[in-house]
Amino acid sequence: MGSLWDDLESLVDAPSSFSAKSGERGTIKPKANFDAEKDAAALKKAIEGLGTNEKIVIEILTTRSSAQRQLICKAYEKATSRTLVKDLKGDTSGNFEDLLVALVTPPAEYDCHEVMRAMKGAGTKDKVLIEIFASRSNQQIKALSDVYFKETKKQLTAALESEVSGDYSKALLLLALGKRDESTTVDVNKAREDAKTLYNAGEKKWGTDESKFIEILCKKSIPHLRQTVIEYKNISGKTLQQSIEGEMSGDLENLLVAVVKCVKSVPGYFAELLHESMKGAGTDESTLNRIMVSRSEIDLLDIRAEFKKLYEHSLLSAIQSDLSGDQCECVKAICGGDD
């Protein structure tokens with residue numbers, strides 16, 4: 001995959017959704033003339049009838065913003081004395097059920113539950129933790145941490161610390177603090193200094209000083225790191241991603257590569273993950289569902305554009321050829337156009 005990213009090295013102003021505000025580049029927008037009670041009544045009728053009317057459920061839940069869906073949930077509970085989540089779980093199943101539940105769950109709560117699911121049971125699903133903590137903004141990480149504390153009365157960082165270890169743990173915990181520098185100004189000289197530090201800590205020495213990579217990549221601002229990535233290529237002749245892949249291994253390598261990809265282009269990172277979730281035998285539906293729902297009001301338009309650029313076919317066509325049934329219809333509705 002490295003080569004697909006190389007042309008992004010020179011893009012200082014590559015789009016990064018760390019700064020994208022909800023609604024700006026999403027496919028789902030707030031519905032005009034919204035009526036929560038009317039939508040709740042339509043959902044009640046669709047769910048309570050003989051066999052669920054999936055078409056109505058999909059149409060309502062994929063054409064209302066997350067905030068509007070929360071108002072529908074309240075109106076639904078008021079009208080039925082049951083939660084919409086419980087009724088959706090009772091009336092649907094499998095990946096389609098997971099997708100609908102994701103749509104009616106507030107974003108921070110959904111992120112939190114995905115992190116909790118990744119930590120549950122034997123073996124931590126590090127892929128999920130890497131995706132979430134490498135791509136989310138400080139505000140999103142703080143919001144999911146607050147939900148975690150509210151639901152468990154424990155600090156998220158303490159829970160993560162008991163699940164992961166070594167340098168990977170140090171990097172993940174730094175990201176989970178949600179304290180990345182947020183300054184927007186870039187000092188080219190400081191970026192060059194950090195690039196030299198990374199070069200000296202990796203390519204130039206025998207053995208790698210992982211702590212320098214962790215300190216710089218998990219703490220410095222995104223605009224600063226975007227410049228550092230460019231300076232690194234000038235100094236090393238290699239991309240920073242290539243150096244990390246050559247010098248490190250395992251979860252630490254995967255996490256730092258994900259951070260570098262997100263520095264260059266968050267939409268490009270998610271386009272790649274979506275492609276991976278659908279290639280080969282079998283589909284990674286949980287990753288597909290999570291990305292489609294969590295980016296639907298942030299940058300899914302940009303993800304669609306990056307997907308087309310990287311793979312020369314549209315995201316919608318990939319979904320149509322990979323999924324089937326109600327889940328396919330729902331994901332297609334979230335995706336929107338065929339660009």
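Everything numeric in this text was worked out from a predicted model, so none of it was measured.
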Test log, rule side-chain contact (heavy atoms from CB on, under 4.5 Å), inputs I244 and L252: CA-CA 9 Å; I244 293 167; L252 178 64; over 6 Å; no
Please assess K190 against E193 for the test salt bridge (charged side-chain N to carboxylate O under 4.0 Å, His left out), listing each intermediate value before the final yes or no. CA-CA 5 Å; K190 284 184 179 171; E193 272 174 41; over 6 Å; no
Please test R180 against L225 for side-chain contact (heavy atoms from CB on, under 4.5 Å), starting from the C-alpha separation and ending with a verdict. CA-CA 11 Å; R180 182 183 289 285; L225 289 175; 3.3 Å; yes
Kindly indicate, with the supporting measurements, whether the criterion side-chain contact (heavy atoms from CB on, under 4.5 Å) is fulfilled by K29 and S65. CA-CA 6 Å; K29 313 281 183 189; S65 68; over 6 Å; no
Can you list the steps and then say if E97 with L88 is a side-chain contact (heavy atoms from CB on, under 4.5 Å)? CA-CA 7 Å; E97 175 198 320; L88 288 171; 5.9 Å; no
side-chain hydrogen bond (donor to acceptor under 3.5 Å, both in side chains), that's the test. Do S243 and Y232 meet it? Break it down for me. CA-CA 10 Å; S243 290; Y232 187 90; 2.7 Å; yes
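Clustering ILVMFWY residues whenever any of their side-chain heavy atoms sit less than 4.5 angstrom apart, transitively, puts I132 in the very cluster that holds Y148. L256 and L177 fall within a single hydrophobic cluster, where Ile, Leu, Val, Met, Phe, Trp and Tyr are joined by side-chain heavy atoms under 4.5 Å apart, directly or via other members. A continuous path of ILVMFWY side-chain contacts below 4.5 Å connects L156 to L173, so both sit in one hydrophobic cluster. Residues L175 and V147 do not share a hydrophobic cluster, defined by chaining ILVMFWY side chains whose heavy atoms lie under 4.5 Å apart. V260 and V186 fall into different hydrophobic clusters, where Ile, Leu, Val, Met, Phe, Trp and Tyr side chains are chained together by heavy-atom contacts under 4.5 Å.
Counting heavy atoms from C-beta outward, F149 and K154 have side chains that stay 4.5 Å or more apart. The closest side-chain heavy-atom distance from L274 to M292 is below 4.5 Å. By the 4.5 Å heavy-atom criterion applied to side chains, V263 and V229 are counted as neighbours. A heavy-atom distance below 4.5 Å is not found between the side chains of I47 and N53. Inter-residue side-chain proximity for Q241 and K264 is flagged as met; some heavy-atom pair is nearer than 4.5 Å. Using a 4.5 Å heavy-atom cutoff, the side chains of R304 and T27 are in contact. With contacts defined as side-chain heavy-atom distances shorter than 4.5 Å, the pair Q227/V188 qualifies. Taking the side chain as every heavy atom from C-beta outward, V266 and R136 never approach each other to under 4.5 Å.
One finds the OG atom of S169 at 10.5 Å from the CD atom of E163 (value rounded to the nearest 0.5 Å). For the atom pair L43 CG and L100 CG, the distance stands at 9.5 Å (nearest 0.5 Å). Taken from CG in L255 to CG in L129, the straight-line distance is 9.5 Å, to the nearest 0.5 Å. Here the CZ-CG distance, from R64 to D35, works out to 9.5 Å after rounding to the nearest 0.5 Å. To the nearest 0.5 Å, atom SG of residue C330 and atom CG of residue L103 are 5.0 Å apart. To the nearest 0.5 Å, the span separating OH on Y269 from CD1 on I291 amounts to 7.5 Å.
For the residue pair A201 and K212, the shortest heavy atom distance occurs at CB-CB, 3.8 Å. The minimum heavy-atom distance between S162 and A159, with the atom names listed, is OG-O, 2.7 Å. Nearest heavy-atom pair, I298 versus S294, reported as atom, atom and distance to 0.1 Å: CD1-O, 3.5 Å. Among all heavy-atom pairs drawn from A171 and I214, the shortest one is CA-CG2, 3.7 Å. Annotation for S66 and P107: closest pair OG-CD, 3.3 Å, computed over non-hydrogen atoms. The two atoms that bring C328 and Q320 nearest to each other are SG-CA, 4.3 Å, heavy atoms only.
The salt bridge (Lys or Arg N to Asp or Glu O under 4.0 Å) check on E215 picks up K219, with sequence neighbours excluded. Annotation: side-chain contact (heavy atoms from CB on, under 4.5 Å) contacts of D284 (sequence neighbours excluded): K127, S277, S286, T287. Listed by chain and residue number, nothing satisfies the salt bridge (Lys or Arg N to Asp or Glu O under 4.0 Å) test with K150 (two or more places apart in sequence, or in another chain). Under the rule for a side-chain hydrogen bond (donor to acceptor under 3.5 Å, both in side chains), the partners of E182 that lie at least two apart in sequence or sit in another chain are N138, Q139. Residues satisfying the ring-ring contact (aromatic ring centres under 6.0 Å, His included) test with F307, not counting sequence neighbours, are Y311, H313. With sequence neighbours excluded, no residue satisfies side-chain hydrogen bond (donor to acceptor under 3.5 Å, both in side chains) with Q68. Shown here are the side-chain contact (heavy atoms from CB on, under 4.5 Å) partners of D194, two or more places apart in sequence or in another chain: I216, K220, H224, T228. Checked against side-chain contact (heavy atoms from CB on, under 4.5 Å), L71 has the following partners two or more places apart in sequence or in another chain: F34, A36. E285 meets the side-chain contact (heavy atoms from CB on, under 4.5 Å) test with N95, T283, L323, Q327; sequence neighbours excluded. Shown here are the salt bridge (Lys or Arg N to Asp or Glu O under 4.0 Å) partners of D326, two or more places apart in sequence or in another chain: there are none.
Under a 3.5 Å cut-off, the side chain of N200 and the backbone N or O of K196 do form a donor-acceptor pair. In this structure, the side chain of S236 does not engage the main chain of K233 through any donor-acceptor pair within 3.5 Å. Formation of a donor-acceptor pair under 3.5 Å by the Q70 side chain with backbone atoms of V104 is found in this model. Between the side chain of R25 and the backbone N or O of L301, no donor-acceptor pair lies under 3.5 Å. In this structure, the side chain of D299 does not engage the main chain of D302 through any donor-acceptor pair within 3.5 Å.
Residues in residues 87-96 take part in these salt bridge (charged side-chain N to carboxylate O under 4.0 Å, His left out) pairs, two or more places apart or across chains: R82-D87. Within the structure, every pair that satisfies the salt bridge (charged side-chain N to carboxylate O under 4.0 Å, His left out) test and touches residues 66-76, not counting sequence neighbours, is listed here: R69-E297.
Of the options E131, E272, E245, a salt bridge (charged side-chain N to carboxylate O under 4.0 Å, His left out) to K261 is made by E272 and by none of the others.
A donor atom on one side chain and an acceptor atom on the other are not found under 3.5 Å apart for Y76 and D39.
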